[in-house]
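Step one of this worksheet: look at the structure below.
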Amino acid sequence: MSNLAYKYQQQQTQKKQAEVKQKAVYIERGRITKGEKLLWMMLVLAFVTASIFMVSNYASIYNLNTSIQQVESEQRAQLKQNEELQVKVTELSAPDRIMDIAQNELGMKLNDQNVEVVNKGS
């Protein structure tokens with residue numbers, strides 16, 4: 001073998017060894033690093049916290065709405081009762097009814113000369 005061919009063969013083997021070394025240098029690592037795992041965990045934790053916060057807010061809003069509806073229904077019932085009592089007061093304070101009770105049950109007689117008019121505002 002000539003000296004030139006020997007050098008060429010050595011160069012080829014050195015190139016192959018360098019390629020093998022370069023391939024061996026690359027170490028395959030895990031797909032997700034520790035920092036990425038930490039970021040994902042923080043993201044999941046933030047999502048869960050936000051979800052819990054939203055659900056608790058919706059629950060409190062629902063409770064408030066039911067309380068408001070209950071109070072409104074009680075208010076409507078009270079207004080109805082007030083109207084019924086006002087009608088009853090109007091019926092009971094009719095002048096004819098008062099006159100009838102005074103004459104028949106209490107034995108009073110109407111004396112037009114002794115009648116006094118009283119104003120409610122004074």
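Here the CG-OH distance, from Asn63 to Tyr58, works out to 15.0 Å after rounding to the nearest 0.5 Å.
The shortest heavy-atom contact between Leu92 and Ile98 is O-CG1, 4.1 Å.
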Donor-acceptor pairs are to be reported for all side-chain atoms of residues 75-91 against protein atoms at under 3.5 Å, with residues two or more places apart or in another chain.
unit_1 : atom_1 : unit_2 : atom_2 : d
Gln78  : NE2    : Asn82  : OD1    : 3.2
Thr90  : OG1    : Gln86  : O      : 2.9

Output a table of donor-acceptor pairs, distance under 3.5 Å, between side-chain atoms of residues 35-43 and any protein atom two or more places apart or on a different chain; print 'none' if there are none.
unit_1 : atom_1 : unit_2 : atom_2 : d
Glu36  : OE1    : Thr33  : N      : 3.1

